[in-house]
Amino acid sequence: MENSILKVEHLNAFFGEARILSDINLEIPVNQIIALMGPSGCGKTTFLRCINRLHELTPGARTEGNIYLFKDDIYRMNLIVLRRKIGMVFQRPNPFPTMSIFENVISGYTLNGISLSKLQKEEIVEDSLRKASLWTEVKDNLHKKGTFLSGGQQQRLCIARSLSMKPDIILFDEPTSSLDPISSNKIEELLLNLKKDYTIIIVTHNLQQAARTSDYTAFFYLGELIEFNKTQLLFSNPAKRQTEDYISGRFG
Amino acid sequence: MRLDKKNSTLNNKTDKKLQRVLLFEKIFQKGLGLTGIILIIILISIFLTLTITSLPSIKHLGIKFIYGKAWNPVTDEYGALPFLIGTLLTSLLALIISTPFAFSTAIFLGEYYPKGLISNIFKNIIELLATIPSVVYGFWGMVVLVPIIRNLELKLHVLPYGVGILTSSIILAIMIIPYSVSLSRQVISMVPPSLKEGAYSLGATRFEVIRKIIIPHTRSGLFASVLLALGRALGETMAVTMLIGNSHYIPKNIFSPGNTMASVIANEFTEATGTIYLSVLIEMGLLLFVVTTLINISGRQIIKHYILH
Amino acid sequence: MDKLIKIRFYKDRLFKGGIILLTVLSTVPLLLILFYIIKQGISSINWDFFINLPKPVGEKGGGIVNALIGSGIIVSCASLMAIPFGALVGLYLSEYKRDKLAYWVGLSVDVLQGIPSIVLGIIIYLWVVKPTGHFSSLSGSIALAIMMLPPIVKSTEETLKLIPGTIKEASLALGVPYYKTILRVILPMGLSGILSGSLLSISRVAGETAPLLFTAFGNPFINTNILKPMSSLPLLIFNYAGSAYEDWHKLAWGASFVLIMMILFLNIVTKILERRWKIQF
């Protein structure tokens, strides 16, 4: 792949003695939506958390192998720099409860001690909220607490929060699993809009969601990457037996 | 290409700052652990200080400290037996008096009325008992309780001191109620409903459920609550000092005046001029420290075990 | 058969009656004590009581200004030492739950909580008073600070433990350094718990006498120098309660009333804080 943004080589991940991921090799193309799917416990979330190195946070967790962001080895990069380049949206919306909507969106800057003028801040907040299609809904309540929003709005607020840092890649860890169908649809539409500026990697165990939104799909099973291909090809003509079983609903 | 450029500028800008951030990061993580270590050091220093300053007494008196009955600072003769007995007697008596009340309240709050207005009122009143300062309990005891006990003693034809072991024990009993209630109430309310429902479905009355299901199930937790209350009672100082009568003799009965280890320390520490005199008082402090610590740790261990199981 | 059921039924009623009776009886002492303090104390409360020094025997009136100022200074100094340190230890315990060191720190906090207050008085006498050669309010504050630590540590730890891990991860995923994540995201969320724990521990030590006997010692005059002996409300109550003079008893009742009201006030504020400041996650 010529336009790859992320290159994963022989990645293994462990929790203590247990091996969660074994020998993952993968190249992720730029400005596409990549879905990671597979049954629960297959390692897809762990893989996602390896990319911004949140995996190492858990006591006893470690990794082997290499991941390159462009040409840089992420295990040699500074954690702080890496995480500013790779944003993340979590399974359940987690706006900072002590902060207003405005403060939440700009929190990446304020918490990192990056000083901005009031105008710059307002620009970034509006821009990020617009991109997260939340602007029109909250523009009159920017100084209310983020926790008063509905679940779907909170999740879009969290998306705006990661967009504000202008990352190259955004990781989504089952972002719609705690939301109602209408809110989920909104988030899916949003993902399609975002891909012209960002590379999106999304973990999902919803097959339809993977088929509807993604350009590429990776299928994980028991800690191994079984298959990675264009979504259309993978769904219409799976190369591996396990993939076929999974997408036809025979397990999981 | 475009992206590469953007990244390199970002790198250069943050490089200097990054070094500082990394330094803070290290200092912070180490510093946080350090606070914990300081706390452990404080505790160990307390133990070591008590032990070292007790050495003159330990050398001078040896085991006699425990069984000696004489207390004479002039001749440097010290036996702590009267105070050991005084401490044990007041604490145990206080436990005997308070436990029926404490357990009843715990059953009331944990089983009969676990929620609602009545429960809140009683819970708050019991909690308030813990907020009243010891010295106020002592004062109240002197003014209100002592005359009552004196009248009782007159009727029973014993020497009407008013102050003494019984008076201190009653006040102590009131003071430790909130400590045993709070734990035993939690333990009782943690009994799984399925256990109780099983018994109810067989036609058991509430009394039978409490006696046959709840109490056996919570036995170790209730025991721990008594143990922790005992730990409180042993070290309680001010109220006891004000009510026990400060006698250096072994109490003959529960109406006699006496002294506890804590009350002797409170009364004589600032007057203790001789090295050995002071050291003896500190040795009593050491003994109090060791005993209350052992009681506390075993109480907590029982609770932890209970919760896990 | 019928008779047996009846007996069981009566036993049940009897037991419940007994439980209720003993529970109600348990509350009687508190009501009696409060009643007595209010009855005896309120009559001595007037403006003069708060601005005058205690008067010598035989003279009517007199106040507790020395003890009020002393209590304020001693408890404030103790809080300044205990709250930041206790909050940091609580933070450490919540962040490093599984560390071996954290286990020992937690155990030390438990042991510290059980130490009789009179023993802490001895310790601070040996650590501070003896080396410096004189009693001082500062030494009293240190003794109280050690007593304040366990509740502050525990309430901080408990509140911080409730904060979902994903909030911390959200901050880290934005590239925020760990220490800033803790200080600017996690600690503000635990503020209500830290504050209520601190207030509670203040209300506990405000009534402590035993650790002050050999440290702050007491002082019949106004003193604001923390290196000199100082009075406090509980010390004043102890000294005057033991006397045989009616006037001094009256002073002690007045002081008891003031002390209890302050403690009750702190407890109520704590309860309100706990309810109001609950942060939604």
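In this text, all values refer to a predicted model and were calculated from it rather than measured experimentally. Here is the naming used below: chain letters follow the sequence lines, and residue numbers restart at 1 for every chain.
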Practice task
State, yes or no, whether a side-chain contact exists between B:Phe103 and C:Leu22 at a heavy-atom distance under 4.5 Å.
Solution key: no
Problem - Under 4.5 Å from a heavy atom of chain B, the part of C:Ile33 involved - result: both
Problem - chain B contact via C:Ile37 - which portion, at a heavy-atom distance below 4.5 Å - result: side chain
Completion exercise
Among B:Thr292, B:Thr293, B:Ile40, the residue with the most heavy-atom pairs under 4.5 Å to chain C is B:Ile40
Problem - Most contacts with chain B, counted as non-hydrogen pairs under 4.5 angstrom, among C:Leu183, C:Val109, C:Val111, C:Asp99 - result: C:Val111
Fill in the blank from the handout: Rounded to the nearest 0.5 Å, the OG1 atom of B:Thr131 sits from the CG atom of C:Leu264 at a distance of 5.5 Å
Practice task
For residues B:Tyr112 and C:Ile20, determine if any side-chain heavy atom of one lies less than 4.5 Å from a side-chain heavy atom of the other.
Solution key: no
Practice task
With side-chain contact (heavy atoms from CB on, under 4.5 Å) as the test, would you mind laying out the steps for C:Tyr36 and B:Val136 before giving the verdict?
Solution key: CA-CA 11 Å; C:Tyr36 226 84; B:Val136 173; over 6 Å; no
Handout entry: Atom CH2 of C:Trp104: over 12 foreign heavy atoms under 6.0 Å
Key = no
Exercise for the section: Would you check if B:Pro133 and C:Ile263 make a side-chain contact, meaning some heavy-atom pair closer than 4.5 Å? Expected result: yes
Exercise for the section: Could you pull out the closest heavy-atom pair between B:Phe101 and C:Ser26, with the gap in Å? Expected result: CB-OG, 3.4 Å
Exercise for the section: Name the option with the most non-hydrogen atom pairs under 4.5 Å to chain B; the candidates are C:Lys180, C:Arg204, C:Lys11. Expected result: C:Lys11
Handout entry: Closest non-hydrogen atom pair between B:Val21 and C:Pro177, with its separation
Key = CG1-CG, 3.4 Å
Practice task
Using non-hydrogen atoms and a 4.5 Å limit, figure out which bit of C:Phe135 sits close to chain B: side chain, backbone, both or neither.
Solution key: side chain
Practice task
Could you tell me which non-hydrogen atom of B:Asn296 sits nearest to which non-hydrogen atom of C:Gly114, and how far apart they are?
Solution key: ND2-CA, 3.1 Å
Practice task
With a 4.5 Å cut-off on heavy-atom pairs, point out which of B:Gly138, B:Gly299, B:Gly33 contacts chain C the most.
Solution key: B:Gly33
Handout entry: Atom group of C:Leu259 that falls short of 4.5 Å from chain B, counting heavy atoms
Key = side chain
Problem - Best-contacting candidate, B:Leu109, B:Thr49, B:Ile177, against chain C by heavy atom pairs under 4.5 angstrom - result: B:Thr49
Problem - Side chain, backbone, both or neither of B:Gln29 within contact of chain C (heavy atoms, under 4.5 Å) - result: both
Fill in the blank from the handout: Counting heavy-atom pairs under 4.5 Å with chain B, the top scorer among C:Tyr92, C:Tyr240, C:Phe9 is C:Tyr92
Completion exercise
For B:Ile125 and C:Leu30 the tightest heavy-atom approach is CG2-CD2, 3.5 Å
Exercise for the section: Counting only heavy atoms closer than 4.5 Å, note whether C:Asp12 contacts chain B via side chain, backbone, both or neither. Expected result: both
Practice task
Inspect the surroundings of CZ in B:Arg300 and state if more than 12 heavy atoms from other residues, nucleotides or ligands are less than 6.0 Å away.
Solution key: yes
Fill in the blank from the handout: Answer key: most heavy-atom pairs under 4.5 Å with chain C among B:Ile295, B:Ile107, B:Ile297, B:Leu50 is B:Leu50
Practice task
List the steps, then state whether side-chain contact (heavy atoms from CB on, under 4.5 Å) holds for B:Ile27 with C:Tyr179.
Solution key: CA-CA 9 Å; B:Ile27 295 174; C:Tyr179 76 95; over 6 Å; no
Problem - Distance in Å, B:Arg206 CZ paired with C:Ile19 CD1, rounded so as to fall on 0.5 Å steps - result: 11.0 Å
Exercise for the section: Counting only heavy atoms closer than 4.5 Å, note whether C:Leu88 contacts chain B via side chain, backbone, both or neither. Expected result: both
Completion exercise
Value for NZ (C:Lys16) from CD1 (B:Ile210), rounded to nearest 0.5 Å, stands at 9.5 Å
Practice task
Can you measure from CG (B:Leu32) to CD (C:Glu95) and round to the nearest 0.5 angstrom?
Solution key: 7.5 Å
Exercise for the section: Could you grab the distance from atom CD1 of C:Ile123 to atom OG1 of B:Thr53, nearest 0.5 Å is fine? Expected result: 6.5 Å
Problem - Check: B:Ile265 and C:Phe214 side chains under 4.5 Å, non-hydrogen atoms - result: yes
Handout entry: Part of C:Arg8 lying under 4.5 Å from any heavy atom of chain B
Key = both
Fill in the blank from the handout: If you tally heavy-atom pairs under 4.5 Å between each of B:Leu278, B:Ile132, B:Val181 and chain C, the highest tally belongs to B:Ile132
Completion exercise
Value for CG (C:Leu112) from CD1 (B:Ile46), rounded to nearest 0.5 Å, stands at 5.5 Å
Practice task
Dump the intermediate steps for side-chain contact (heavy atoms from CB on, under 4.5 Å) on B:Leu288 and C:Ile118, then the final yes or no.
Solution key: CA-CA 10 Å; B:Leu288 267 182; C:Ile118 187 91; 4.3 Å; yes
Exercise for the section: Could you check if a side-chain atom of B:Ser45 sits within less than 4.5 angstrom of a side-chain atom of C:Trp127, using non-hydrogen atoms only? Expected result: yes
Practice task
Examine the side chains of C:Thr23 and B:Ser104 and answer whether a donor and an acceptor come within less than 3.5 Å of each other.
Solution key: no
Exercise for the section: Answer with side chain, backbone, both or neither: which region of C:Trp253 has an atom nearer than 4.5 Å to a non-hydrogen atom of chain B? Expected result: both
Handout entry: Where C:Ala241 and B:Met242 come nearest, the two heavy atoms and their spacing
Key = CB-CE, 3.8 Å
Problem - Top contributor to chain C interface from B:Ile126, B:Val143, B:Thr241 [non-hydrogen pairs under 4.5 Å] - result: B:Val143
Exercise for the section: Pick one of side chain, backbone, both or neither for B:Ile174, based on which atoms fall under 4.5 Å of a heavy atom in chain C. Expected result: side chain
Fill in the blank from the handout: Bottom line for C:Gln40: the part with an atom under 4.5 Å from chain B's heavy atoms is neither
Fill in the blank from the handout: Whatever's closer than 4.5 Å to a heavy atom in chain B on C:Leu93 counts as neither
Completion exercise
What one should report as the nearest heavy-atom pair of B:Phe28 and C:Ile182 is CZ-CG2, 3.8 Å
Fill in the blank from the handout: Checked C:Leu149, C:Leu233, C:Thr27 vs chain B; the most non-hydrogen pairs under 4.5 Å come from C:Thr27
Exercise for the section: Give the ring-plane orientation class for C:Tyr125 versus B:Phe269, where under 30° counts as parallel, over 60° as perpendicular and anything between as tilted. Expected result: perpendicular
Practice task
Please look at C:Tyr96 and chain B and tell me whether the side chain, the backbone, both or neither of the residue comes under 4.5 angstrom of a heavy atom of that chain.
Solution key: side chain
Fill in the blank from the handout: Given C:Phe217, C:Phe238, C:Phe15, the one with more heavy-atom pairs under 4.5 angstrom with chain B than any other is C:Phe15
Handout entry: Which atoms of C:Lys271 approach chain B - backbone, side chain, both or neither, heavy atom under 4.5 Å
Key = side chain
Exercise for the section: Using the side-chain contact (heavy atoms from CB on, under 4.5 Å) rule, take C:Ile237 and B:Phe139 through it: C-alpha gap first, then chi angles, then the decisive distance, then the call. Expected result: CA-CA 8 Å; C:Ile237 296 168; B:Phe139 189 22; 4.1 Å; yes
Handout entry: Portion of B:Arg211 that has a non-hydrogen atom of chain C nearer than 4.5 angstrom
Key = neither
Problem - C:Val89, part contacting chain B, at a heavy-atom distance under 4.5 Å - result: both
Exercise for the section: With the side chain counted from C-beta on, respond yes when C:Val119 and B:Leu286 share a heavy-atom pair under 4.5 Å apart, and no when they do not. Expected result: no
Exercise for the section: Identify which part of C:Leu21 has an atom lying under 4.5 Å from any heavy atom of chain B, answering side chain, backbone, both or neither. Expected result: neither
